[in-house]
Amino acid sequence: MSEQPVLSVRDLEVEFDTFGGKVRAVRGVSYDVHAGETLAVVGESGCGKSVTVQALMGLIPTPPGRIVGGSARLMGRELIGLNQAQLNDVRGADMGMIFQDPMTSLNPTMRVGDQIAETLVVHRDISRDAALAEAVRLLERTRIPEAAQRARQYPFEFSGGMLQRVMISMSLACTPKLLIADEPTTALDVTIQDQVLELMQEIQREDHMAIVLITHDLGVVARMADRVAVMYAGEVVEYGSVDDIFYRSAHPYTEGLKEAMPDMHQHGKDRLEAIPGSPPDLFSPPPGCAYHPRCPHAMRICNRIGPSEYPVGDAHHASCWRLHEDAPTTASEDGHAG
Amino acid sequence: MGAYIARRLLSGVITIWFIATATFFGMHAVPGDPLLNDKAVTPEIRANLERAYGLDKPVPQQYLIFLKNMLQGDFGISFTQQNRRVNDIIAEHFPVSATLGVLALLFAAGGGIMFGALTALFRSRMPDYLIMFLVIIAVSVPSFVFAGLGQLAILRLNSLLGFSLLPVAGWGTVAHMLVPALVLGLGTMAYLTRLMRSSMLEVAETDYIRTARAKGLTPRRIFFRHQLRNAILPVVTVLGPAIAAITTGGFVVELVFAIPGLGRYFVQAVQQLDYTVIMGTTVFYGAFLVLMVIAVDIVYGFIDPRIQVSKSLS
Amino acid sequence: MVSYIPTAEDFQALDSAREGDRIDRPSLSYWQDVWRRLRSNRRALASLSIVVGLLLFTLMGPLLWRVDPALQDLEQVSQPPSLGRYALVVADNTPAPTVTHTAISSAAVDREQAARNLRLLGTPHSEGVNLAWDPLPGVDAYQLYRHEYPPRDADDLGLPMARLMPQEISYRDLLGLETRQYYYSIVGVYNGKEARAYTTLPVVVEQAILFSEAEYRGLLSGDATPETAVGSSIRLESHPLGTDYLGRDMLARLMWGARTSLFIGICAPLIFVIIGLAYGGLAGYSGGRLDGAMMRFADFVIALPFLLFMILFKIAFGLGPGESGIGPMLLALVLLSWPATARLVRGQVLQIREEAYIAAARMMGATAPYLVLRHILPNVMGVLLVSLTFAIPTAIFTEAFLSFIGMGVVPPTPSWGSMCNDGIRTMLSHPHELMFPALFISVTVLAFNLLGDGLRDAMDARMRSGT
């Protein structure tokens, strides 16, 4: 992991001006992704995981959105603050993105092949015919049968799973270094999900590409991720390897997420534990640690001052007061101990 | 596609029948004597006239005769101009209205799409505010005021130039058509501009525009190839009703600019209670509008790939 | 955060002070929220005040401005807006001062010579302009012209007023005099042909009123006699927005016209929205074949060419003597307009019917009337209100349109549309007669359109974000 990361996000902050006031959607997020590695970003909806990647893709609608601070480097090149033309050089070429709902993410009135070829025409010095031929090859690569015919069809003639393959072909057109997948399987049937994930893994192995996978499904995380960033209320509350997160998690929110996951409770529990309460209102986040109103271990300091990042292990850290050196031992489940 | 067109045409025929029936019974409910204006001075002449127009028969029979004639495309003979067939009147005056209407529609659709796209492109900036301000004026001012202002503008322009650039009223050359067509198309243009604007803004927020941006396409390419193309589709669907609005709006413009169109003739016929002309014109206009709406829907089917294929599948 | 060194006490468990049920923002009902959003929309708010202002104008106006809208003030025809005009009282039956002389017959006829000394006799006023001029030698006759602009050449002298015998060298003009500037020109006629030479006199005509007329209208003090009053200046009735081509007060006509236009514009949509609600609600709620049949019928009605049938129905419902034509127009408008609302409501009801909360309410034993009143109706209300707001300008336009082509209200009844119809004929010379009613129509339509926009945005935002 000593080589330069493909993507390095540091202290990114994004705000939205809305009717009801200013929303701080992303509050100082940092993470790294290396080549051939998958970083999973997990969290409940509205925790800012999608906004973070949209910010670095330059997809935040401005106004009302605004990147307030921080940096995001792709292969060492700063993305924040690039102008439109510079950004367009990078988008689609060095980083590709696939979205949650393939049904709405493709232009309904344009042939699929044209939509893939378009990326190539824009980024490479290539004729339309050559681009179309390349598009068919890309569709074949994502195992779309009869690719040549399919390329001439419109999106509504495809099933959801097939469309997500089309989206993947499209984002891979220029063999990007980084693929951002924003809940790529959420809108798909469970059986199709598996095929799409497998396809992504296969392509990652072949192209040695870095993937940022945004999901709220810990099953997908367990299957795909090398590293995990757990986000809550616009902050990364825990960051570590997939094993760290699943076996040595240090943040109560990560614990809560795992409790709430159906196939994680193999230890004889017969009911799922939902996290009580609901995610904070980002118009007025609670003072101190954003999680304290829902935290079973909340301490007096938690509702006054936000915790810093505490290292837990090698490249594993979490933001929780229980990790402070003076805090009572975290191993016990007794949060009430003085 | 063929089955779809056949189905649409069948429902169109039923609709036209409904229009014809409503027209027939509507006209028969009109109080007053259709022969009052005539020289039906003696009972004999009156009886003769009633026989000639079929008014001596019971109403249900009159209705059947009326339907039969309509089916054959025969609208009868004018009450006030005894030797003119309604068909001839329509054949003479409708082409004038249609020419004016087509020109107005071109203005309206072209202008609407262009201005709508411009407002979306310059959203929340000067051109957007300016165009939307003009749109609000255009939808709030009645068409006859625009017609009057149009005439006034021609007069001022001519006196400013010192010669007659455009005729103030009348019909015949392209110069006669320009200002009336513009006035006629103005309201529809404003409506289409609004529609196009909201359609553009809606498309701008779709996932596939986000995808296009994520692909690194230039804003220009996104605008023309993705946004504009998809935003025009809803505008096409309202062209049917737009044609209806323009056709009937033609009444006023024809009156003010003294254009010998069917609309002006219809207003005259109503004032003179010319039964056959009123019925014939109403049914004709109704049928025309029904067919135009069907035509627009079919054209739309060719433009929007989604509809094309789903139809060929069914 | 980093600088803070926590104490042991900080790590005590946070006890019952946990705010689990904290309410972050005040809870607002649907309509409260819509109102809050509408209020923050300045355009919508301005439109709302315009609408209220218009209603006050038409309901309260005639109580304050007690002028009969049908009264014809023939002294003041097509007057531009003014707060009050003064008029010179002139005696009835003043004889025209005539100047005659014997014709000068001359051998040396100078056709290039224009008549000299074209002059006024007495004050020129709207009850008569008296002109006289010096005789020209050798003329067969004089031709007098009146123009509204300075003549450019001998072919542009304006309206031919009179051809006069050579011995008559004066003329009294009484023809439709308005208080404005005129240009009188006199030309000699030789052997039946007019000379090219002319003399022009600009004349500013003053407002005047006959003594008998002033007395009849009660403009004079009680003890006034022709001897005392003639020659004095009195104040005429004021017409703040001017008068129309029959001398009727524009302000009064606009107020009463607003009653017609707003009555039709508001009542017709109100009635057809209610009919549409009942029809569409029934169709949507019952579903199945009844729904299919009802909607098919609505589709037919929608397919009727609107304005043609408006005209047709309007004449079909007829006019009894003394009727204004408002009733038939209202009926025709309602008969043709309900299906759009019915369609809208049906679509909404079909959608709402499938919602989970309806199923939940059903499961808990809710009866059909309860479901309709408690769940369906309140959810339809929003779109209904928006469509009502947009239907009003359409109805106002329809009334104006029909009145404009002469198919609307019957003449003595004023309406904005019929006023426009009157005004467009005199548009070139007296633009105010078209401008005022047109302005009222436009501002009203604009206000309702903007109000509808604001209402729709307020409700849309509510539906979309929930924030």
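Since the structure is predicted, the reported quantities are computational estimates derived from the model, not experimental observations. Numbered from 1 within each chain, the chains take letters A, B, ... in sequence-line order.
Shortest non-hydrogen contact noted between Gly216(B) and His123(A) is CA-NE2, 3.9 Å.
Heavy-atom distances place no part of Ile209(B) under 4.5 Å from chain A, backbone and side chain included. Both the backbone and the side chain of Met110(A) come within contact range of chain B, with heavy atoms under 4.5 Å apart. When heavy atoms are compared at a cutoff of 4.5 Å, Arg221(B) approaches chain A solely by way of its side chain, counted from C-beta outward. Heavy-atom distances place the side chain of Met167(A), and not its backbone, under 4.5 Å from chain B.
More than 12 non-hydrogen atoms from other residues, nucleotides or ligands lie less than 6.0 angstrom from CD of Glu78(A). Residue Phe158(A) qualifies as enclosed at atom CZ: its count of foreign heavy atoms under 6.0 Å is above 12. Residue Arg128(A) qualifies as open at atom CZ: its count of foreign heavy atoms under 6.0 Å is 12 or below. In Arg124(A), the CZ atom is crowded: over 12 heavy atoms of neighbouring residues, nucleotides or ligands sit closer than 6.0 Å. Sparse packing is recorded around CG of Asp125(A), with 12 or fewer heavy atoms of other residues, nucleotides or ligands lying under 6.0 Å away.
The main-chain N or O of Tyr208(B) is never found under 3.5 Å from a side-chain atom of Asn107(A) such that the two would form a donor-acceptor pair. A donor-acceptor distance shorter than 3.5 angstrom exists from the side chain of Lys215(B) to the backbone of Gln115(A), with no hydrogens or angles considered. Put simply, the side chain of Arg91(A) gets close to the backbone of Arg213(B): a donor and an acceptor are under 3.5 Å apart.
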- Please test Leu233(B) against Thr109(A) for side chain to side chain contact (heavy atoms under 4.5 Å, CB included), starting from the C-alpha separation and ending with a verdict. CA-CA 10 Å; Leu233(B) 292 177; Thr109(A) 59; 3.6 Å; yes

- Step-by-step side chain to side chain contact (heavy atoms under 4.5 Å, CB included) determination, Thr104(A) to Thr206(B): CA-CA 7 Å; Thr104(A) 58; Thr206(B) 56; over 6 Å; no

- Task: Decide yes or no on side chain to side chain contact (heavy atoms under 4.5 Å, CB included) for Arg210(B) and Met97(A), but give the supporting numbers first.
- Result: CA-CA 10 Å; Arg210(B) 187 181 59 184; Met97(A) 186 158 179; over 6 Å; no

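Residues passing the side-chain hydrogen bond (donor to acceptor under 3.5 Å, both in side chains) test with Asp207(A) are Arg141(A), sequence neighbours excluded.
Taking CZ of Phe99(A) as the start and OG1 of Thr211(B) as the end, the distance is 4.5 Å to the nearest 0.5 Å.
Remark: the His226(B) side chain and the Glu118(A) side chain contain an N/O donor-acceptor pair separated by less than 3.5 Å.
Looking only at heavy-atom pairs under 4.5 Å with chain B, the residue among Leu59(A), Thr119(A), Val122(A), Asp114(A) that has the most is Leu59(A).
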